[in-house]
Amino acid sequence: MSDIIQLLPDHVANQIAAGEVVQRPASIVKELLENAIDAGASKIELIIRDAGKNLIQVVDDGKGMSETDARMAFERHATSKIRATDDIFKISTKGFRGEALASIAAVSQVELRTKQPESPLGTNIYIEGGVFQFQEPIQTAEGSNFLVKNLFYNVPARRKFLKNNNIEFRHVIDEFQRVALAHENLEFSMFHDDEPIFRLRKGTQMQRIVDVFGRKLHPQLIPIKEDILWCRLHGFVAKPEGAKKTRGEQFLFVNGRFFKSPYFNKAVQEAFEGLLLPGYIPTFFLFLELDPEKIDVNIHPQKTEVKFEDEHLIFALIRSTIKRSLGIYNIAPSLDFERDPQLDEMMQKSFPSKSNNTGNLKMPEIIVDRDYNPFLEEREVTKTEIHNLTEMYHQNISAEPSKINLFEDEDFDEDLMRLPNGYWLFNKGDRTLMLDLGRMHRLLVAENNKNVKKGNVSHALLFSLEYHMNEIEKNKYKSIKKFLPELGFDMKIAHENVLRIDTVPEGLKETQVMKFLENLFDILEYKTEDEFMQFYHNQWAKMQSKSRFDFIYKADAEQVIKDFTALGFPEFLPNGKRCFYEVPFNDLKNKF
């Protein structure tokens, strides 16, 4: 029998290795930006076309490369950043993956122009599909200029799995932001299809965060700082009103490197305990600095996960430092009654603080969840269930109210009782319902909005409002601005990133405009006009709806119940949320 095991050709091996490093255009952006930083650049420019599918160009003013280094940089396992195995465990640069440029070149057409400061001429090298084409001397600026063209042109199966441009562009922006936030002392700029997206000047951490995410975030930021012998923590958290239901503005960095950590995210969430509504996530930008030998950055191909030697101590440090800052800025009580005394004692003995902090007074704390209701249980609803509920809901709406009316008379005397948690009990005959009037009102508002066609009645504002957009919101506005006039808005970009609002739809209060626009800009993308209109009307209904806590008087509750009965008294919202729950008194009897 003949031998069947053989070595793979280099170009095939490189394409396989590319699967680890190059998942999408954003992966290349990350590698090239980090290489520019490691090259000592003070100014870095990112240029992309078609969300990076056709062109990714990174230009820096770093130290450049010699003719030999430029050629060697594209060889597998070639690197300037490590010399021995021990170097892997004390990496202080952004990355050392020797196969990164080789992998990028294996699945694209790459051109590099580079020049060292002391050299009279630079060098130009071109590689296509991992195959070296030519190298020649040229006149070029000091630094490096990488051009990556036609990603996955030679691997069609990989290219077809790329998402549409909006999604890939968002991933590129994510990587750009992560690098830019960690290096506020460098100048960054970004262009997409010849449109400027970011122009970030050198400055402080606060300035960089504001430049990236917009001026409206500035008044919400609270500084975080703690410096102990083995670790330094600094950064910012946003006040509770800056929290969101979606993730996106949660950033963790260690030694200037972005990483993800659900464990440390939990530390931040616990620090905000009792300050956020259920389901909301705090906004934070936290920077850790510690000995590189105490972390391992090599447990994930994209280096987005980091292993810490003293993970539980850093958890306690993050949690206690944020709680103290929230207390100092009168956001929360400054004493941390929930801190683990044993952990504090261990930290103080092992790692004494540079600041003269005294011991914490430990006192018990009673926490009461006023929203807790033993009869209401929320569960995750699948897409199929939501579809079925929506169909059932529309069938109920279209049915004659008299056939599905649970309550034939309008006598509410002694039938209604408000509970301290905002729910109402409604008794009728042998049935008792627990009502969420907030959800019921939201459904009523949504039904009323269905009768409102395009071309809403609008009213002019006495004084124009100014909404300060970040670059992402600016691009989102450009994609939806064609829909806004027929909805009753009159707005335009006045200068730079300032959106001037002159007219808003009738019914939208002036105090609600900023939050309403922020919600519209928050969604990742709108694929169709119908999708945008659906989200718009959903946000409109939320703005006009009341919470269950807003219903205090019996007369208001009675009116909602009457209107809701006219709809057929549907048990669920179209998204699967329950509007009422029948209290099982027969089952409760068995408890006594």
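Not measured: the values here are computed from a predicted model. Note that these values count all heavy atoms, side chains included, but never hydrogens, waters or copies made by symmetry.
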Quiz item: Once the angle between the rings of Phe489 and Phe516 is folded into 0 to 90°, is it parallel (under 30°), tilted (30 to 60°) or perpendicular (over 60°)?
Solution: parallel

Practice problem: Report the distance from atom CG of Leu147 to atom CD1 of Ile47, rounding to the nearest 0.5 Å. | Solution: 8.0 Å

Practice problem: Can you tell me which residue pairs pass the side chain to side chain donor-acceptor pair (under 3.5 Å) test with a partner in residues 259-268, sequence neighbours excluded? | Solution: none

Quiz prompt | Atom NZ of Lys482 with >12 non-hydrogen neighbours under 6.0 angstrom | solution = yes

Practice problem: Spell out, as yes or no, whether a donor-acceptor pair under 3.5 Å connects the side chain of Thr283 to the backbone of Gly242. | Solution: yes

Exercise. Tell me, please, which residues at least two apart from Glu195 pass salt bridge (charged side-chain N to carboxylate O under 4.0 Å, His left out).
Key: Lys478

Quiz item: Between Asp502 and Ser464, is any side-chain donor less than 3.5 angstrom from a side-chain acceptor?
Solution: yes

Practice problem: Compute the ring centroids of Phe569 and Phe580, then answer whether they are less than 6.0 Å apart. | Solution: yes

Quiz item: Which atoms form the tightest heavy-atom contact between Pro196 and Phe191, and what is the distance?
Solution: CA-CD2, 3.6 Å

Quiz item: At their closest point, which heavy atom of Asp60 faces which heavy atom of Ile44, and how far apart are they?
Solution: CB-CG1, 4.3 Å

Quiz prompt | Glu270 side chain near Lys323 side chain, heavy-atom distance below 4.5 Å | solution = no

Practice problem: Just do the side chain to side chain contact (heavy atoms under 4.5 Å, CB included) check on Val268 and Leu286 with the steps written out, would you? | Solution: CA-CA 10 Å; Val268 180; Leu286 300 179; 3.8 Å; yes

Quiz item: Between atom CG of Leu461 and atom CD of Glu510, what is the distance when rounded to the nearest 0.5 Å?
Solution: 5.5 Å

Quiz item: Can you find a pair of side-chain heavy atoms, one from Thr432 and one from Leu425, that are under 4.5 Å apart?
Solution: yes

Self-check item: All side-chain contact (heavy atoms from CB on, under 4.5 Å) counterparts of Glu184, not counting sequence neighbours
Solution: Gln205, Arg208

Quiz item: Under the side chain to side chain contact (heavy atoms under 4.5 Å, CB included) criterion, do His441 and Leu443 qualify, and how do the steps go?
Solution: CA-CA 5 Å; His441 184 258; Leu443 191 56; over 6 Å; no

Exercise. Taking the side chain as every heavy atom from C-beta outward, state whether Leu326 and Phe272 have any atom pair closer than 4.5 Å.
Key: yes

Practice problem: Could you pull out the closest heavy-atom pair between Ser27 and Val22, with the gap in Å? | Solution: CB-CA, 3.9 Å

Practice problem: Taking the side chain as every heavy atom from C-beta outward, state whether Met190 and Val172 have any pair of such atoms under 4.5 Å apart. | Solution: yes

Quiz item: Taking only residues two or more places apart in sequence or in another chain, which ones pass side-chain contact (heavy atoms from CB on, under 4.5 Å) with Gln269?
Solution: Leu276, Ile281, Pro282

Quiz item: Do Phe236 and Phe251 have their ring centres less than 6.0 Å from each other?
Solution: no

Quiz item: Between the side chain of Asn470 and the main-chain N/O of Glu473, is any donor-acceptor distance below 3.5 Å?
Solution: yes

Quiz item: How about Leu416 and Ile561: do any of their side-chain heavy atoms sit closer than 4.5 Å?
Solution: yes

Practice problem: Keeping the roles fixed (side chain from Asp50, backbone from Asn165), state whether a donor-acceptor pair exists under 3.5 Å. | Solution: no

Quiz item: Do Lys492 and Leu499 come within less than 4.5 Å of each other through their side chains, counting heavy atoms only?
Solution: no

Quiz prompt | Nearest-0.5 Å distance that lies between atom SG in Cys579 and atom CG in Leu433 | solution = 11.5 Å

Exercise. Quick one: closest heavy-atom pair of Lys481 and Pro485, and the distance?
Key: O-CD, 3.1 Å

Practice problem: Check the pair Val504, His459 against side chain to side chain contact (heavy atoms under 4.5 Å, CB included), reporting the backbone distance first and the verdict last. | Solution: CA-CA 6 Å; Val504 297; His459 69 277; 3.4 Å; yes

Exercise. Spell out, as yes or no, whether a donor-acceptor pair under 3.5 Å connects the side chain of Arg215 to the backbone of Tyr467.
Key: no

Quiz item: Parallel, tilted or perpendicular for Phe198 and Phe176, by the 30°/60° rule?
Solution: parallel

Self-check item: Spacing of Gln512 atom CD and Asn519 atom CG [to the nearest 0.5 Å]
Solution: 11.0 Å

Quiz item: Do you know which two heavy atoms are closest between Arg578 and Arg439, and how far apart they sit?
Solution: O-NH1, 2.9 Å

Quiz item: Can you name the closest pair of heavy atoms from Arg178 and Phe253 and give their distance?
Solution: O-CE2, 3.1 Å

Exercise. For the pair Glu34 and Lys30, evaluate salt bridge (Lys or Arg N to Asp or Glu O under 4.0 Å) and give the outcome as yes or no after the intermediate values.
Key: CA-CA 6 Å; Glu34 290 182 346; Lys30 176 181 185 294; 3.1 Å; yes

Quiz item: What distance do Leu181 atom CG and Glu249 atom CD have between them, rounded to the nearest 0.5 Å?
Solution: 10.0 Å

Quiz item: Do the side chains of Pro570 and Phe564 get nearer than 4.5 Å, heavy atoms only?
Solution: yes

Quiz prompt | Neighbour count above 12 (heavy atom, 6.0 Å) for Lys43 NZ | solution = no

Exercise. Quick one: list whatever passes ring pair (Phe, Tyr, Trp, His ring centres under 6.0 Å) with Phe284, sequence neighbours left out.
Key: none

Practice problem: Can you measure from CG (Asn54) to OG (Ser108) and round to the nearest 0.5 angstrom? | Solution: 11.5 Å

Quiz item: Does the separation of the ring centres of Phe532 and Phe483 fall below 6.0 angstrom?
Solution: yes

Quiz prompt | Under the salt bridge (charged side-chain N to carboxylate O under 4.0 Å, His left out) test, residues paired with Arg201 that sit two or more places apart | solution = Asp211

Self-check item: Sole residue of Arg159, Lys53, Arg24 in salt bridge (charged side-chain N to carboxylate O under 4.0 Å, His left out) with Glu168
Solution: Arg24

Practice problem: Go through the steps to decide whether Ile28 and Leu151 satisfy the test side chain to side chain contact (heavy atoms under 4.5 Å, CB included), and finish with yes or no. | Solution: CA-CA 10 Å; Ile28 297 176; Leu151 179 62; 3.5 Å; yes

Quiz prompt | Ion pair check, Asp194 and Arg49, cut-off under 4.0 Å | solution = yes

Quiz prompt | Student check: side-chain heavy atoms of Tyr477 and Leu520 closer than 4.5 Å | solution = no

Quiz item: Okay, side chain of His192, backbone of Ala51: is any donor-acceptor separation there less than 3.5 Å?
Solution: yes

Self-check item: Ser479 side chain vs Lys476 backbone, donor-acceptor pair below 3.5 Å
Solution: yes

Quiz item: With ring centroids as reference points, do Phe287 and Phe258 lie under 6.0 angstrom apart?
Solution: no

